[in-house]
Each structure stands twice: as C-alpha cells, then as structure tokens.
Amino acid sequence: MKHLQQILSQACDSVRKEIAIGKTANYIPALARINPNKFGAAIVTVEGEIFRYGDATEPFSIQSISKVFALTLALNKLGDQLWLRVGREPSGSAFNSIVQLEKELGIPRNPLINAGALAVTDVLLEKSSSDNCVSEILSFIQTLANDDTVKIDAEVAQSELNTAHRNISLAEFMKSFNNIRCDVSEVVKAYCHHCAISMNCEQLARSFLFLANEGKDPVTGKQVVSPQRARRINSIMMLCGHYDASGDFAFRVGLPGKSGVGGGIVAVVPNVAAITVWSPCLNSNGNSHAGTAALEAITQATRWNIL
Ligand code: GLN
C-alpha cells in the first residue's frame, strides 16, 4: 500500500471538484453562513500517527456527531437499561422525523436520530442541570481528544435554540409518553449545546480512536468502554449513523460512521484508525456530499472497508 499521507491527499484531491454540490445546513442560521469551500480531513491511527489534508485543523460544528459521545456516556451511566428508553434499529427516516414516534409509543428508533439523542440527553440530565450536563459531555470529549481547548460555539448553540421548533416538538411528544423526564426546555438547551461543540478533523478522529481499539484509548491506555460496548456503538453507527442514507453510506464506504449537519463525518476502521472528513455542503439527507465521496475514495484505496 502507498504511504497513508499520499492516499489521503490523492483521495481528497480526487473529490475536490464536488465540494460545491449540495447546500450548507440552512435551518440553523449560523451554519448556513459557513464557507462552503472548506474541505479538511484527518486520519489518526491506533499507533498514534496523524495524517492531515486541507482544513484539517480548522474547527467546525460537530452537530450530530456529538450524539455518539452522549450515547457513550449514557451507556456508561445506565448500561443496558438505556435500551428501555431508545431502540437500536435503523429508522429509514430523516434525522428530525417525528413519524415513527406515535406508533412506537414515544420510544425513538435509535440514539443517533434527533428523537433518540434527546432521550439520551434526558438520561444525562436527570439529577443535573443543563449546564452541568453539557460540561460533563464537553469534558468527556476533551479527555478523548486529549485536548482541553475543545469548546462550545455559543453563537451556533443560540442560533439553533432560536429555531429549535422541531426538536422541542419531538421532546414534548416523547414527554407525553413519559420518555422525557426532565424539563423539555432544559433537555433541548443541553442538546443544542452539545451539538454546537466545535472541533477540527484531527481532534475528532483522535476522540473516536477508542472505538477503533476495542474501547481503549490506544495512546493513553485508558479503557473508555468495554470491548463489547465499543462493538455495539460501532454497529449502531454502521446501521444508523447516516439516518435514511445509512444503507447508502455502508454500500459506498463500508465503515461505521457518523455525520453531522456541520458537514463533518467520522468513520471508524476497527483496529486501524479513525478518519474525519469535513466539507459543509450537504446532500438531501443532511450528510456531507464531498465528505462521503472522500471516504469512499479512501476506503477504495486502503481497502479498509469492513463490508
Ligand atoms: N443539531 C442538529 C439538529 O438537531 C443536529 C442534526 C444533524 O447534525 N443531523 O437538527
């Protein structure tokens, strides 16, 4: 195999012409303003090697990628009891869809759609305040990224809160089934703040490394979750990480991955590496268009795909 830096650069160069395809997230005003020409990527291997491309060190809004960190914390807190509050099946619906919730009695299909992440946030919020809950998630991420400069973009958080009608509706609806226990405004506030965490490609790949290494941070040696839990989180990302386009992502890339409407995608290569790509223009499912293409090119060149 060619050197990884060369593979990463060639894969990203080959999809650069696609960065203008799609649209930046326009339902969160602060995200609609992002420069659509940004394009970065990073690979961090379990040996701790780092390879970067383009805007790899420029922070962006991680958005739904934060759902993986919240899920990990909630599993560490509740264990298998969490599955009474949220399912683990692909939804086949948009990330912010409400359609299944009524028929399925307020239990969201999985923790990586908005309804599921709101239920997970509610679990983290119980016996805490919105500020403490967000601090807990932020400090967990700082530990995983081994970087305490990771922070929340207050402007993005406020911008999303101002337009959070859909997430408030989802939370209120689940509350009617007693699957939101805390105050809805506190849950949505905590949720919007953890979605508004800002990280760069390198920090994000670094912080997902434990999922590529059976739950253990390979650099610090800290066991973050058990090997079984890491496998399960990866399975959920594989089946649900791209909402109703999860099948397409598996078909094209063949790795567990999680996207966010900030244009980032993190993919996990078990026992090898974590990869982040960032390109703000999204396809109609809310996933980065060029980011997906870059990951497809990377797995084609490395044959790191597990499917
Ligand atoms: N904060 C965003 C929302 O709730 C996250 C969505 C996403 O990244 N898919 O709409």
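Remember, it's a predicted structure, so these values are computed and weren't measured experimentally. Values below: every heavy atom of this structure, side chains too, minus hydrogens, waters and symmetry copies.
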>> Rounded at 0.5 Å granularity, tell me how far CG in Asn179 sits from CG in Leu105.
In response: 10.0 Å

>> Run the side-chain hydrogen bond (donor to acceptor under 3.5 Å, both in side chains) test on Asn167 and Asn114 for me, step by step, so that the C-alpha distance in whole Å, both residues' side-chain angles and the decisive distance to 0.1 Å come before the verdict.
In response: CA-CA 7 Å; Asn167 287 323; Asn114 287 14; 3.0 Å; yes

>> Under a 3.5 Å distance rule, please check whether Asp131 uses its side chain to pair with a backbone N or O of Val134 as donor and acceptor.
In response: no

> Looking only at heavy atoms, which two atoms of Ala171 and Leu118 are closest? And how far apart?
Replying inline: N-CD1, 4.3 Å

>> My understanding is that only residues two or more places apart in sequence, or in another chain, count here; which of them pass side-chain hydrogen bond (donor to acceptor under 3.5 Å, both in side chains) with Gln10?
In response: Lys2

Please tabulate, one pair per line, all N/O donor-acceptor pairs under 3.5 Å involving side-chain atoms of residues 271-279, not counting sequence neighbours.
| from | atom 1 | to | atom 2 | distance (Å) |
| --- | --- | --- | --- | --- |
| Thr276 | OG1 | Cys201 | O | 3.2 |
| Thr276 | OG1 | Ala205 | N | 3.1 |
| Trp278 | NE1 | Gly262 | O | 3.1 |

> Taking only residues two or more places apart in sequence, or in another chain, which ones meet Arg16 in a salt bridge (charged side-chain N to carboxylate O under 4.0 Å, His left out)?
Replying inline: none

> Which residue pairs pass the ring-ring contact (aromatic ring centres under 6.0 Å, His included) test with at least one member in residues 100-155, sequence neighbours excluded?
Replying inline: none

>> I'd like to know if the side chain of Asn283 pairs up with that of Lys23 as donor and acceptor (distance under 3.5 Å, no hydrogens or angles considered).
In response: no

>> Could you walk me through whether Val219 and Arg206 satisfy the side chain to side chain contact (heavy atoms under 4.5 Å, CB included) test, starting with their C-alpha distance in whole Å, then the side-chain angles of each, then the deciding distance to 0.1 Å, before giving a yes or no?
In response: CA-CA 9 Å; Val219 182; Arg206 171 71 184 83; 3.5 Å; yes

> What pairs with Phe251 under side chain to side chain contact (heavy atoms under 4.5 Å, CB included), at least two apart in sequence or on another chain?
Replying inline: none

> Please walk me through it: do Leu73 and Glu136 pass side chain to side chain contact (heavy atoms under 4.5 Å, CB included)?
Replying inline: CA-CA 9 Å; Leu73 277 175; Glu136 186 191 2; 4.3 Å; yes

> What is the minimum heavy-atom distance between Asp122 and Cys182, and which atoms define it?
Replying inline: OD1-N, 2.8 Å

>> Please give me the minimum heavy-atom distance between Ala164 and Val188, naming the atom from each residue.
In response: CB-CG1, 3.9 Å

>> Working to the nearest 0.5 angstrom, can you tell me the gap between Leu161 CG and Cys192 SG?
In response: 4.0 Å

> Which value, rounded to the nearest 0.5 Å, describes the distance between Leu71 atom CG and Ser66 atom OG?
Replying inline: 11.0 Å

> Going by heavy atoms in the side chains, are Thr24 and Arg33 under 4.5 Å from each other?
Replying inline: no

> So, Gln203 side chain and Asn200 main chain: donor-acceptor pair closer than 3.5 Å or not?
Replying inline: yes

> Excluding sequence neighbours, so at least two apart, what forms side chain to side chain contact (heavy atoms under 4.5 Å, CB included) with Ser128?
Replying inline: Asn132, Cys133

>> Please check if the number of heavy atoms outside Lys77 that lie under 6.0 Å from its NZ is greater than 12.
In response: yes

> Should His242 and Asp248 count as side-chain neighbours, where that means a heavy-atom distance under 4.5 Å?
Replying inline: no

> When you check the side-chain N and O atoms of Ser259 and Asn287, is any donor under 3.5 Å from an acceptor?
Replying inline: yes

> With sequence neighbours excluded, what pairs up with Asn178 under the side-chain hydrogen bond (donor to acceptor under 3.5 Å, both in side chains) test?
Replying inline: none

> Nearest heavy-atom pair of Leu101 and Ala115: which atoms, and what distance?
Replying inline: CD1-CB, 4.1 Å

> Just wondering, do His193 and Ser130 contact through their side chains at under 4.5 Å, heavy atoms?
Replying inline: no

>> Quick check: do Val261 and Tyr27 have side-chain heavy atoms less than 4.5 Å from each other?
In response: yes

>> With a 3.5 Å distance limit and no angle check, can you tell me whether Asp80 reaches the backbone of Trp83 through a side-chain donor-acceptor pair?
In response: no

>> Quick one: does any side-chain atom of Gln63 pair with a main-chain N or O of Cys195 as donor and acceptor, under 3.5 Å?
In response: yes

>> Within the 4.5 Å heavy-atom criterion, are Met174 and Pro108 side-chain neighbours or not?
In response: yes

> Should the heavy atoms of other residues, nucleotides or ligands under 6.0 Å from NZ of Lys127 be counted, would the total exceed 12?
Replying inline: no

>> Using side chain to side chain contact (heavy atoms under 4.5 Å, CB included), reason through Glu172 and Ile180 one step at a time and then give a plain yes or no.
In response: CA-CA 8 Å; Glu172 288 287 2; Ile180 291 288; over 6 Å; no

> Between the main-chain N or O of Ala230 and the side-chain N or O of Glu214, is there a donor-acceptor pair closer than 3.5 Å?
Replying inline: no

>> Test of understanding: with side chain to side chain contact (heavy atoms under 4.5 Å, CB included), list the residues that count as partners of Gln142, not counting sequence neighbours.
In response: Leu138, Ser139, Asp148, Val150

> Looking only at atom types and distance, does a side-chain atom of Asn110 sit under 3.5 Å from a main-chain N or O of Glu89, one as donor and one as acceptor?
Replying inline: yes

>> Within this structure, what is the NZ-OG distance for the pair Lys216 and Ser226, rounded to the nearest 0.5 Å?
In response: 13.0 Å

> Tell me the salt bridge (charged side-chain N to carboxylate O under 4.0 Å, His left out) pairs involving residues 97-113, sequence neighbours left out?
Replying inline: Glu104-Arg109

> Does some side-chain heavy atom of Arg85 sit less than 4.5 Å from a side-chain heavy atom of Val123?
Replying inline: yes

>> Going by side chain to side chain contact (heavy atoms under 4.5 Å, CB included), name the residues that satisfy it together with Ser159, two or more places apart in sequence or in a different chain.
In response: Ile28, Pro29, Ala30

> Under a 4.5 Å cut-off applied to non-hydrogen side-chain atoms, are Val268 and Lys258 in contact?
Replying inline: no

> Is the count of non-hydrogen atoms from other residues, nucleotides or ligands lying under 6.0 Å from Gln81 atom CD greater than 12?
Replying inline: no

> Which is it for Lys67 and Val120 under the side chain to side chain contact (heavy atoms under 4.5 Å, CB included) test, yes or no, and what are the steps along the way?
Replying inline: CA-CA 8 Å; Lys67 290 170 175 152; Val120 163; over 6 Å; no

>> Ignoring hydrogens and geometry beyond distance, is a side-chain donor-acceptor pair present between Tyr243 and Ser97 at under 3.5 Å?
In response: no

>> Taking atom CZ as the centre, does Arg88 end up with more than 12 heavy-atom neighbours from other residues, nucleotides or ligands that are less than 6.0 angstrom away?
In response: no

> Will you find, in the side chains of Thr292 and Glu296, an N or O donor that is under 3.5 Å from an N or O acceptor?
Replying inline: no

Identify all side-chain donor-acceptor contacts of residues 38-46 below 3.5 Å with residues at least two apart in sequence or on another chain.
| from | atom 1 | to | atom 2 | distance (Å) |
| --- | --- | --- | --- | --- |
| Lys38 | NZ | Glu58 | OE1 | 3.0 |
| Lys38 | NZ | Glu58 | OE2 | 3.4 |
| Thr45 | OG1 | Glu47 | N | 3.3 |
| Thr45 | OG1 | Gly48 | N | 3.4 |
| Thr45 | OG1 | Glu49 | N | 3.0 |

> Are side-chain heavy atoms of Leu255 and Leu295 found at a separation under 4.5 Å?
Replying inline: no

>> Test salt bridge (charged side-chain N to carboxylate O under 4.0 Å, His left out) on Lys189 and Asp183; report intermediate values, then the result.
In response: CA-CA 10 Å; Lys189 185 175 168 208; Asp183 188 65; over 6 Å; no

>> Filter on ring-ring contact (aromatic ring centres under 6.0 Å, His included), then keep only pairs touching residues 205-234, sequence neighbours left out; what's left?
In response: Phe69-Phe208

